[in-house]
J.: 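The following block contains the structure, expressed as structure tokens.
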Amino acid sequence: MDTTFSEATQLWLQVPFLQFAPSTAIDALVEAATLSTYTREECIFLEGEPSAGLFLVASGVVKICRYSKEGREHILHFIQPGDTFNDVSVLDGGSNPATAIAHTDVTTWHVSREDLRAVVLRDPTLAWAMIENLARRARRLVSTVQDLAMRNVRGRLAKLLLEQAETVERGELPTPLTQEEIAHHLGTVREVIGRTLRSLAADGLISIQRQQIVIVDRKRLEEEVEI
């Protein structure tokens, strides 16, 4: 087994919903996948285009977003190494539901819908694993809808800051975000994020030190998230 094949195998095994997949299914995915690289801000695929297939991030961070007719961006989520994206269109055969852009320099493995279907037909247990993964993502989308509908910007921002803090506590690095990117992620504009950060700092919930946000009063910040 060559080094590239071995590394790809280990990466596919890191995907949460594939951890208990048969080794034959993993080997088939590795054989069917093609490796691609993208530079920062490069478009991987566009919303509305025919299904681009299933992607696995090998390195870097991918931004999944949608745009309004006026060109306003809404960031749905960021995909980290070891996770997949574009699961919806590869399963239903429809168009890409969102746009994927390289947030940093990115390397991905890509499997076409036709190749994935062939693998699933040989190993049906893989289909159930993908269904469970899709259900988990649907739950996250429900949470996102709840955030937009029931939390104000202050509450949504507090939740994001707490999530990033939890990422650090797990020993992981959170995706660095500018105020504009935070705004696009939370469904508002940069000026509102700036005012809200200053308000949280003035109330003693956070402090801003050399462009770094530090949580000062976690309990009160958590209270901002409650609905």
Side-chain angles (χ1 to χ4, degrees), residues 40-41 43-48 57 60-81 83 85-88 96-104 106 134-227:
R40 185 177 182 273
E41 300 298 337
C43 181
I44 299 172
F45 58 74
L46 291 171
E47 172 191 350
V57 180
V61 179
V62 174
K63 177 175 67 176
I64 306 298
C65 55
R66 300 192 71 171
Y67 294 90
S68 69
K69 291 182 180 179
E70 295 76 26
R72 181 176 173 181
E73 180 185 59
H74 178 63
I75 299 174
L76 299 174
H77 43 262
F78 293 94
I79 308 298
Q80 307 286 342
D83 206 355
F85 61 97
N86 210 40
D87 307 54
V88 171
N96 302 321
T99 294
I101 296 174
H103 187 62
T104 64
V106 168
L134 202 60
R136 283 191 290 269
R137 294 195 172 183
R139 285 184 181 273
R140 288 202 294 269
L141 286 176
V142 169
S143 177
T144 299
V145 170
Q146 182 186 48
D147 285 345
L148 293 172
M150 304 183 70
R151 289 190 177 94
N152 57 23
V153 173
R154 186 175 168 109
R156 299 201 295 273
L157 180 56
K159 183 181 178 184
L160 177 63
L161 296 178
L162 288 168
E163 288 173 345
Q164 290 195 318
E166 290 167 0
T167 299
V168 173
E169 290 164 2
R170 292 195 300 268
E172 304 170 7
L173 291 176
T175 302
L177 298 175
T178 65
Q179 287 190 20
E180 186 162 0
E181 288 167 340
I182 292 173
H184 292 168
H185 190 43
L186 299 183
T188 185
V189 295
R190 182 178 60 80
E191 291 76 12
V192 172
I193 293 300
R195 287 198 301 270
T196 307
L197 284 171
R198 291 192 295 273
S199 174
L200 290 172
D203 291 341
L205 278 68
I206 66 171
S207 67
I208 303 174
Q209 305 169 4
R210 297 180 181 177
Q211 298 185 328
Q212 295 293 319
I213 300 171
V214 178
I215 295 177
V216 175
D217 193 329
R218 185 165 189 152
K219 183 177 180 180
R220 288 174 61 203
L221 197 64
E222 289 172 345
E223 290 173 354
E224 293 287 341
V225 179
E226 295 176 359
I227 55 176

J.: Would you say the side chain of Val153 lies within less than 4.5 Å of the side chain of Ile193, judging by non-hydrogen atoms?
T.: yes
J.: Okay, side chain of Arg151, backbone of Arg156: is any donor-acceptor separation there less than 3.5 Å?
T.: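 Not at all, since once roles are kept as given, no pair shorter than 3.5 Å links the two residues.
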J.: Taking side chain as C-beta onward, heavy atoms only, is Thr196 less than 4.5 Å from Thr188?
T.: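 Heavy-atom side-chain distance check fails, nothing below 4.5 Å.
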J.: How long is the straight-line distance from CD1 of Ile206 back to CZ of Arg220, given to the nearest 0.5 Å?
T.: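 Arg220 atom CZ to Ile206 atom CD1 measures 11.5 Å (nearest 0.5 Å).
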J.: Would Leu161 and Leu200 satisfy side chain to side chain contact (heavy atoms under 4.5 Å, CB included), going step by step from the backbone distance to the final call?
T.: CA-CA 11 Å; Leu161 296 178; Leu200 290 172; 4.3 Å; yes
J.: Is a side-chain donor or acceptor of His103 paired with a backbone partner of Val62 at a separation under 3.5 angstrom?
T.: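 Absent.
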J.: Got a sec: does the CG of Leu134 have more than 12 other heavy atoms crowding it under 6.0 Å?
T.: yes
J.: I'd like to know if Asp203 pairs up with Arg154 as an ion pair, taking the criterion as any Lys NZ or Arg NE/NH1/NH2 lying under 4.0 Å from an Asp or Glu carboxylate oxygen.
T.: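 A salt bridge is present here (some side-chain N lies under 4.0 Å from a carboxylate O).
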J.: Using 0.5 Å steps for rounding, measure from the SG atom of Cys65 to the NE2 atom of His185.
T.: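 Answer rounded to 0.5 Å: 12.0 Å.
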J.: Minimum heavy-atom separation for Ala98 to Arg66, with atom names?
T.: CB-CG, 3.9 Å
J.: Please find the pair of heavy atoms, one from Val168 and one from Pro174, that lie closest to each other, and give the distance.
T.: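 Looking at all heavy atoms of both residues, the shortest contact is CG2-CD, 3.7 Å.
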J.: So, using side chain to side chain donor-acceptor pair (under 3.5 Å) as the criterion, who are the partners of Thr144 when residues are at least two apart?
T.: none
J.: May I ask you to test the Leu186-Lys159 pair for a side-chain heavy-atom distance under 4.5 Å?
T.: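 They are not in side-chain contact.
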J.: Do you know the tightest heavy-atom contact between Ala165 and Ile215?
T.: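 Nearest heavy atoms, Ala165 then Ile215: CB-CD1, 3.7 Å.
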J.: One thing to verify: whether Arg218 and Glu169 come together as a salt bridge, which I'm taking to mean a side-chain N less than 4.0 angstrom from a carboxylate O.
T.: yes
J.: Contact between Asp83 and Val57 at the side-chain level, heavy atoms closer than 4.5 Å - yes or no?
T.: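 Not touching, per the 4.5 Å side-chain cut-off.
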J.: Report the residues that fulfil salt bridge (Lys or Arg N to Asp or Glu O under 4.0 Å) with Glu172, sequence neighbours left out, ordered by chain and then residue number.
T.: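 Listed in chain order: Arg170.
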J.: Using 0.5 Å steps for rounding, measure from the CD atom of Glu222 to the CG atom of Asp217.
T.: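 Between atom CD of Glu222 and atom CG of Asp217 there are 9.5 Å.
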J.: Arg140 versus Arg137: any side-chain heavy-atom pair under 4.5 Å?
T.: yes
J.: Verify, without hydrogens or angle tests, whether Arg190 (side chain) and Ala183 (backbone) share a donor-acceptor contact under 3.5 angstrom.
T.: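 Between the backbone of Ala183 and the side chain of Arg190 there is no qualifying donor-acceptor contact (under 3.5 Å).
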J.: Return the minimal non-hydrogen interatomic distance between Thr99 and Phe45, and the atom names on each side.
T.: CG2-O, 3.4 Å
J.: Just how far is it from atom CD1 of Ile101 to atom CZ of Arg40, taken to the nearest 0.5 Å?
T.: 11.0 Å
J.: Is there a donor in the side chain of Glu180 and an acceptor in the side chain of Thr178, or the other way round, less than 3.5 Å apart?
T.: no
J.: Quick one: pull up CG in Leu162 and CG in Leu221 and give me the separation to the nearest 0.5 Å.
T.: 4.0 Å
J.: Given Tyr67, which partner from the list Glu73, Arg72, Glu47 fulfils the side-chain hydrogen bond (donor to acceptor under 3.5 Å, both in side chains) test?
T.: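 Testing Tyr67 for a side-chain hydrogen bond (donor to acceptor under 3.5 Å, both in side chains) against Glu73, Arg72, Glu47 leaves exactly one candidate, Glu73.
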J.: Any idea which heavy atoms bring Val225 and Gly155 closest together, and the distance?
T.: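 Heavy atoms only, the tightest pair is CG2-O, 4.0 Å.
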J.: Could you measure the distance from the CD1 atom of Ile79 to the NZ atom of Lys63? Nearest 0.5 Å is fine.
T.: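 Here the rounded value is 13.0 Å.
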